[in-house]
Amino acid sequence: MRVDKFLSEMGKATRTESAKLAKTGKITVNGSVIKRSDVHIDPEKDELRLFGEIISYKKYTYIMMNKPEGYVSATEDGRDKTVLDLLTEEERRKNLFPCGRLDKNTLGLIILTNDGDSAHRLLSPKHHVPKTYAFKSKYPLSSDDVKSLEAGVDIGGYVTKPCTLNLDSDGTGGKITITEGKYHQIKLMLDAVKNKITYLERLTFGNIRLDENLKRGEWRHLTADEESLLLEK
Ligand code: URA
C-alpha cells in the first residue's frame with residue numbers, strides 16, 4: 001500500500017499533505033526517512049512513524065456515539081448538522097457513515113463505521129439485529145396496546161414483526177426491542193395504537209450497549225471486545 005493511501009485511510013493526512021510531510025522528512029518507514037509518499041509499504045509488517053509517532057494500521061474503524069437531538073444520521077445534509085460533524089477532523093477523513101438511521105430528535109446509540117460490508121449485513125432485514133429503545137408516550141399504554149404492539153401493527157401498509165415491550169409502572173414509557181428498522185418505525189407503531197412518542201433513545205444495537213459514560217454528543221472507538229461482538233455472525 002502506498003504511504004499516502006495509508007496515511008489518508010488512517011485519517012492522518014490528505015494525499016497532498018502526505019507528499020509535503022515526506023518531502024520535509026516527517027515520515028519514516030522502519031527507521032529510515034522516506035522522501036516520497038508514493039513509496040509502497042506492507043501495512044501489517046512495516047513500522048511507519050509520522051513526526052516520530054508510530055501509526056498502526058487498522059483496516060476499519062468502528063465508533064459508538066451518543067447521538068444528541070437535532071443531528072441527522074447522514075454523512076451530509078444541506079440544512080441540518082450531521083452526526084459526522086461531532087467527530088474530529090482525523091475521524092472525518094476516514095469516510096465513516098452511520099450504520100442505520102435515528103430520527104433527528106431520537107437520542108442515543110449510533111454506530112459509525114467505514115466497513116460497508118459489515119454495515120450492510122447488520123442492517124439487512126435478514127439478520128434481525130435487535131435494537132432496544134427507551135421511550136415515553138403521551139398517554140399510558142393499556143395491556144391490549146402492549147399485546148398489539150408485540151404481535152405487530154400496521155404502520156401504513158406494512159405489519160411490523162413481533163417485538164418485546166416492557167412498560168414502566170405508570171404505563172407511559174418503557175423499553176421496546178425491535179428487530180427491524182423501518183423508517184420512523186417506533187413512532188408509527190405508537191401512532192397505530194392512537195398514542196404518540198414523546199421521547200426516544202436507543203440503548204442497544206445488537207450486542208452493543210450504549211456506554212453510560214458517554215454524554216450526549218460524545219463518542220469513542222469500540223473496544224476490541226465490542227468489535228468482535230458487533231461483527232460476530
Ligand atoms: N423508530 C423511530 O420512530 N425513530 C427512530 O429514530 C428509531 C426507531
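Along the sequence shown, the residues carry numbers beginning at 1. Any value given below was found using the heavy atoms of this structure, including those in side chains, with hydrogens, waters and symmetry copies removed. In each ligand, atom 1 is the first atom listed, and ligand 1 is the first ligand listed.
- Scanning all protein heavy atoms for the shortest distance to atom 4 (N) of ligand 1 gives Asp103 OD2, 2.7 Å.
- Counting protein heavy atoms only, atom 1 (N) of ligand 1 is closest to Ile186 N, 3.1 Å.
- Asp225 and Ser228 are not linked by any side-chain donor-acceptor pair at a separation below 3.5 angstrom, with hydrogens and angles left out of the test.
- Checked for salt-bridge contact, Glu53 and Arg49 miss the test: no charged N lies under 4.0 Å from a carboxylate O.
- With ligand atoms numbered from 1 in the order given, ligand 1 contributes 4 (N), 5 (C), 6 (O) to contacts under 4.0 Å with heavy atoms of Thr106.
- Which parts of ligand 1 touch Tyr133 is read off a 4.0 Å heavy-atom cut-off, strictly below it: atoms 7 (C), 8 (C).
- Using a 4.0 Å cut-off between charged side-chain N and carboxylate O, Arg216 and Glu201 make a salt bridge.
- Here Leu188 has no heavy atoms under 4.0 Å from ligand 1, in either its backbone or its side chain.
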Full working for salt bridge (charged side-chain N to carboxylate O under 4.0 Å, His left out) between Glu91 and Lys94: CA-CA 5 Å; Glu91 298 302 324; Lys94 296 185 186 170; 3.2 Å; yes
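- Between Thr132 and Thr177 the shortest heavy-atom distance is OG1-OG1, 2.8 Å.
- Using a non-hydrogen distance threshold of 4.0 Å, Tyr183 does not register as a contact of ligand 1.
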